[in-house]
Structures are given as structure tokens and as C-alpha cells.
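Okay, structure first, notes after.
Proteins come first, then strands; the chains are lettered A, B, ... in the order of their sequence lines, and each starts at number 1.
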Number of protein chains: 2
Amino acid sequence: MIFNLATGYALQALAGLPESGEYALTRDLAERLELPSPYLAKILQNLARAGILESSRGPKGGYRLARKADQISVEKILFALEGEDALNGCVMGFPVCDASHPCPMHDAWTAVKTQMEASIISTTLADLRRAAVFKSKPKSARKR
Amino acid sequence: MIFNLATGYALQALAGLPESGEYALTRDLAERLELPSPYLAKILQNLARAGILESSRGPKGGYRLARKADQISVEKILFALEGEDALNGCVMGFPVCDASHPCPMHDAWTAVKTQMEASIISTTLADLRRAAVFKSKPKSARKR
DNA sequence: TTAAATTAGGACCAAAGGGTCCGAAATGAT
DNA sequence: ATCATTTCGGACCCTTTGGTCCTAATTTAA
């Protein structure tokens, strides 16, 4: 799906995390989003280390956003989890591929990436939350 | 780099393969492009199985394009190597994400993918060959 | 001060991507 | 026929990604 699964999980989770005040529990988040809890825990730890989340241990602990939702772009999250140059590679697999040594697809692909970057830079967690699919998915009465 | 390394290698190789007549050798291709030869061999086999290449065994054998270069789009190659729905996944990692059950990023992302698809559908091997970087890369006199 | 709750962090496992190697089958030339 | 050459196909290895599990550290509350 172009980005890592972990990045997708992160977007889902971050869209459902409080901006300040109360902390939210990994367990609750995972349950609500129907994601593998221990894996989500790992991802949230990474986001905390990256400064995107604040964490607190012990009772009443959990995670919350470190900034206002409209201050956190999708790009920040991508870069935090997949590295700053997640979008920098050459489509054709050339080890070097830039304006002065372009691969045959360089220009066409730069256009694609430009639009993609514009999209992930301008989209923030506030946008995700607005559109949010917080309808508790009617799947099947799930036990456990 | 968004697509697999193998897809990039395939694009490089296919841009350098003859349209008809003579067959080209895996070994020569790999050497010219400075790619890992046995891995490239695997990729070429896949492309042959997918009907994009024609192969011939034995002396004078090798690979050549199965169609005219301008009849083979980058999309065909992507789909052959990464599956028909290489572009279909949801950015946010939702198991289902379509027009009737869109994730919060669905519309923005559909726009990105539309441009990307347009690009890879309209770009053919003939285009790649035209732009081709067939300057034998002046790296360092390489032995072996 | 003790116990419960919760993140932090590491060990570990499985699957997929990237990569190597080797034997078998096919084919052209001698 | 035989031999050299080349693809075909499978076995195998390493690293990354996705995922689980256990223990330690921290914090709140009784």
C-alpha cells in the first residue's frame, strides 16, 4: 500500500488520541481499532521517542499527542516511522538519480512525488479526525 | 522507493533489451547495468513467464521483448512483478477502504494514485529507451 | 510501603524481499 | 552423438517488516 503497515496503523491510532489532559491506553486503542495490541504498542513507543506522542507510565498513564492535532502532519508521522528519505528513492532503482543524473522516469516521477508530498504535508491529524470514522464498526459482536 | 527494487531492476533491464531478432544475455545485461546477475536472472524469468519477454535456451539464446517497446507500459511490468493490486491498498491500513467506506485520507490519496497510474500507464519502454542513459557509466575501470 | 497499572525495552518468531547457488532441461554447433 | 551454452526451477541464506511475549522500570493509589 505504498507506505508500511505500521505507518497506516499509526495514522489510525493518532487520529483517535487525545490532544491533552487524559492519557489513552494502548489496550483500549487497539481494541477500538481492532489492531494487534502488542504491535501497536511498539509503534506508539516509536512515536513517543520521535516526540510526536507524550507518554506516562503507571495507573492513569498512557499516551496523548505532544502537540495540537493541526500541528502534526501526516508527513511527520511517515518520516518518524520510515525515515526522512522515505520518498527519495529512484523508481528505476538507480543508486543515484537526481536533477543532474536523472533516470528516464525522473521528471514524470518527480511530478508524482510532488503531488504526494503536497498531500501529506497539508493533511494533519486534525483533518483525519474531522473525517474520522469513529462509528464503532458493526462487524460482529466480538468477544475477548 | 515506493516500488520494489526488483521492479526498478526490471525497468532498467527491459529498457536495454532488443525488440526482436537477436537475444540478449542475462550476464551481459547484468554487467552493463551493474546489477546482481543471479537476481536479475530470476526477475527476467518472471517477466518471461508473464509474457513480457521471450526466452530461448542454449547458445545464441537469451531474452528479448515479446512485443514492440511502445506496447509495453511501466504498469504492465509493475503488475507482472508485484501483482495486479499493487496500488490498491489503503494508505491508512484499513482492511476495506473504497468509495462507500472511505478512510479519512481516501479522496486525497485517490488523487495521488490517479496521477501515478496515469504516469505509469502512459510511459512505455520506448519512452524509457528514448531517454536512455546508455552512457556506459564512468565509474572506475572495473576488473572481473 | 506495598500493590496494581502501565509504558520501556529486549528476545524471539514468521513471512516477504533481496540475493546466491546448483542441478536439470533445452538448444545450437562441432 | 557430444559438448558447450543458456534458461528453468528449486533450495537455500540474510535482512527487514509485522507480530508476540516476557521482564524491568515507573507511577499512582491504598
Categorize A:Tyr23 for me: base, sugar-phosphate, or nothing, with a 4.0 angstrom heavy-atom threshold over every strand shown. nothing
For A:Gln45 and D:dT20, give me the distance from atom CD to atom C1', rounded to whole Å. 13 Å
According to the interplanar angle, ranging from 0 to 90°, do the rings of B:Phe3 and A:Trp109 count as parallel (below 30°), tilted (30 to 60°) or perpendicular (above 60°)? tilted
In whole angstrom, give the distance that lies between atom CD of B:Glu82 and atom C1' of C:dG17. 10 Å
Regarding B:Pro38, tell me which of base, sugar-phosphate or nothing describes its non-hydrogen contacts under 4.0 Å with the strands shown. base
Minimum heavy-atom separation for A:Glu19 to A:Arg67, with atom names? CG-O, 4.2 Å
Considering every strand and a 4.0 Å limit on heavy-atom distances, what is the contact class for B:Leu44: base, sugar-phosphate, or nothing? nothing
Whole-Å gap separating P (C:dG10) and CZ (A:Arg49): 8 Å
In whole angstroms, how far is the P atom of D:dT16 from the CG atom of A:Leu81? 17 Å
State the CG-CG distance between A:Leu125 and A:Leu65, to the nearest 0.5 angstrom. 6.0 Å
Could you give the distance from CG (A:Leu17) to CG (A:Leu47), rounded to the nearest 0.5 Å? 9.0 Å
Answer with base, sugar-phosphate or nothing: what part of the nucleic acid does B:Tyr9 contact at a heavy-atom distance below 4.0 Å? sugar-phosphate
Could you tell me whether the phosphate oxygens of D:dT7, OP1 or OP2, come under 4.0 Å of any side-chain nitrogen or oxygen in B:Thr26? yes
Of the listed nucleotides (C:dA8, C:dG18, C:dT27), which one gets closest to any side-chain atom of A:Ala48? C:dA8
Transitively linked via ILVMFWY side-chain contacts under 4.5 Å: B:Leu5 with A:Met92? yes
Between P of D:dT6 and CG of B:Asp28, the distance in whole Å: 8 Å
Should B:Ser56 be listed as having a side-chain N or O under 4.0 Å from OP1 or OP2 of C:dT27? no
Could one point to a donor on the side chain of A:Lys42 or the base of C:dG10 with an acceptor on the other under 3.5 Å away? yes
Of C:dG19, D:dT27, D:dT5, the nucleotide closest to the side chain of B:Pro59 is D:dT5
Atom OH of A:Tyr39 and atom P of D:dT16 are separated, to the nearest Å, by 14 Å
Given D:dC8, is OP1 or OP2 found less than 4.0 Å from the side-chain N or O atoms of B:Arg57? no
Using side chain to side chain contact (heavy atoms under 4.5 Å, CB included) as the criterion, point out the one residue from A:Asn46, A:Leu44, A:Leu14 that pairs with A:Ile52. A:Leu14
Are OP1 or OP2 of C:dA8 and a side-chain N or O of A:Ser55 less than 4.0 angstrom apart? yes
Taking for each residue the nucleotide of DNA chain D bearing the nearest heavy atom, is the 5' side occupied by A:Ser37 or by A:Gly58? A:Ser37
Among the candidates D:dG18, D:dT7, C:dG28, find the nucleotide nearest to the side-chain atoms of A:Leu5. D:dG18
What is the distance, to the nearest angstrom, from the CD atom on B:Glu22 to the P atom on C:dT27? 18 Å
Provide, to the nearest angstrom, the distance between the NZ atom belonging to A:Lys60 and the P atom belonging to D:dA29. 7 Å
